[in-house]
Amino acid sequence: MKKSSELSLIKNRDYKKSNELINAKGKGTILSQKLFALGMLHVTVDETHSVVATIAGKELRAAFKSDSGSLYTHIEEACDKSMSSTGATIFDWQILEKDPDKDSLVARQVVTDAEFKDGTLKLRYNNKLTDKIIDLKTNYTILSLSETMSIKSVHTLKLHEILKSAYDLECARTKDNGEHLFYFHNMDLKLRLGIVTARGDRVVAKELAKEYPDYEMITERLNKSGDNKYVEYKDFNKSVIKKAVDELNKKTNLRVKYEGHKVGRLKVGINFWVSKADNKPTGKESVKPVLSDKDKDAILDDLYEVMHCDFKLAEIREICKHADFDKTKILNAYEYMHSYNSSIDIPIAFMKSAISNEYSVESLKKITKVPKNAFNRFEQNTNENFELLEKQLLDN
DNA sequence: ATTCGCGGGAGCCTAACCGC
DNA sequence: GCGGTTAGGCTCCCGCGAAT
C-alpha cells in the first residue's frame, strides 16, 4: 500500500475519475459529484484500505461560492444518514457494478461514511472501490475542477463526464483530435445519467450485465412498471439533453452537437458529435464582445474558484483588468505559471508578464520537454489497454 | 389519415432560497 | 425557525408540419 503522502497527487485544478465510475449506471446528486471532485484534492488511504477525502470548510465555501451560513447546514444535512430516505444525501450515490460471480449487477454505495466536524468534511469511500478512486494508471478521465464546480445541473455534469471520457479515449485510440461521433440509446443515456434506475428489477439488472443489453426490452419493462422517465423523446430532449448540451457548450472545453438517431420515424437514441474548443482564434471570436459588469463579475467568480489558492480576490481583479477580462488568456497564463519549473518571486507580476506575452503551457513545452503539471492531458496507454478500453467503451 | 417530432406552454410537486 | 416565494424536475396538452 502506498503512503498517504504519495497519494495526495493532485495539486492543480484537474482531477482524475475512473471511467468505471463515470460509466457506471447509477444515481448521484450534484452535491455528491462536486464533493467527490473537491475531495480528490486531499486524499489518503486508511487502515481498512478505504479512501478518505478531507475537505476544509473554507474550500467548500469558496468552491460553492457561498457566504451565507446555510452552506454548512446544507452539508451537515447531506451527511446525515438519518435523512437518507429523502434521497438527498451523499449516501444515496450508488453505482451498479458487474458481479463476476452472479452474472448480474450489484448496487454499491459509493460513500460509506461522512463526518463534518470543526468545519472539515471527511468522506470515507467504499473500500471495494478504492482502486477506482486513487492511484489510477489507466482507464481514467481528467476532469477540470473549475468546470465541474461551475456546472449547475447534474445532467450536464454527468453528460460532460460521459462525453469527455468517450472523447479522450477515442482521440487517443485514433490519434485524431478532431471531431468524433458517439451513439447512445435513449435508455442507456437515462441509466447513465441516473434519471432511471433498474431498481429491484432482476430481469433488467441481468440484461444490463450483458455486453449488448436490449434497451428496447428494458424500455418496455420500465414503461410497464411506470419507472421510466421522460417516456417521450421530445420531453427527454427538451428537458435534459438540450439543456445539458447548451450548458456544456457554454461552460466546458467540449463542443457538442447532437441529433436524434432514427429507426424508422422513431428517435430511439442520440448521436453526439464531440470536439474540443481550441484556442485557435477564429474570425468570429476575434470580434470582442462588450462585457457588462455582470459578465465581468461572473468571470471574476470563475477565476477565483480556480486561482484562490494562489491569489487574493483583489489580485485576481487586477489580473483581470490587465488581461481585459480575457478568461482564456488568464487561464493559459495560470497554467503556464503552475508548470513553470523555477520558483516565482512575485506571482502577480509573473502573471501579468505571462498575459502580456501570451505564454501558455504549449509555449513552455517547447522550452522544457516534460512539464511538471500537464493540464488536460490524456495519458497514453499501451495498445493492450486500448483494446480493453475500447471494448468497454463501445459496449452499446 | 395517422403518427411522430418539435416548440411552446401550463400545471403539479418538491427542493431551495429569502426576508423576517 | 417560519412562511412565502422561486426554481427545477417531470408530465401532459396543443397546434403545426413532416414522414409514413
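In what follows, chains carry the letters A, B, and so on, assigned in the order in which the sequence lines appear, proteins first and then strands, with residues in each chain numbered from 1.
His261(A) has no side-chain polar atom (N or O) that falls below the 4.0 Å cut-off from OP1 or OP2 of dG5(B). Taking side-chain N and O atoms only, Tyr233(A) has no distance below 4.0 Å to OP1 or OP2 of dG5(B).
One can find a donor-acceptor pair under 3.5 Å joining the base of dC12(C) and the side-chain atoms of Asp235(A). Between the side chain of Lys234(A) and the base of dG7(B) there is at least one donor-acceptor pair of N/O atoms closer than 3.5 Å. Within 3.5 Å, a donor on the side chain of Lys238(A) pairs with an acceptor on the base of dG9(B), or the reverse.
One interatomic measurement links the two molecules: NZ of Lys242(A) to C1' of dC10(C), which rounds to 18 Å at whole-angstrom precision. In this structure, the CG atom of Asn228(A) is 12 Å from the C1' atom of dT11(C), given to the nearest Å. Rounding to whole angstrom units, CD of residue Glu232(A) and C1' of dC6(B) are separated by 11 Å. At whole-Å resolution of the value, NZ in Lys243(A) and C1' in dG8(B) are 14 Å apart. Taking atom CZ on Phe236(A) and atom P on dG9(C), their separation rounds to 13 Å, with Å as the unit. One atom, NE2 of His155(A), and another, C1' of dC10(C), lie 9 Å apart when rounded to the nearest Å. One can place NZ of Lys267(A) at 11 Å from P of dA19(C), the figure rounded to the nearest angstrom. Glu247(A) places its CD atom 13 Å from the C1' atom of dG8(C), with the value rounded to the nearest Å.
A donor-acceptor pair shorter than 3.5 Å can be found between the side chains of Tyr215(A) and Asp188(A). With 3.5 Å as the limit, one finds no donor-acceptor pair spanning the side chains of His49(A) and Asn127(A).
Using a 30° and 60° split on the angle between ring planes, Tyr167(A) and Phe182(A) fall in the perpendicular class, above 60°.
Heavy-atom neighbours of Glu232(A) CD from other residues, nucleotides or ligands within 6.0 Å: at or below the threshold of 12.
Phe272(A) does not carry Lys257(A) over the face of its six-membered ring by the limits of under 6.0 Å from the centre and within 45° of the normal.
Here dC4(B) is the nucleotide among dC6(B), dC10(C), dC4(B) with the atom lying nearest to any side-chain atom of Leu266(A).
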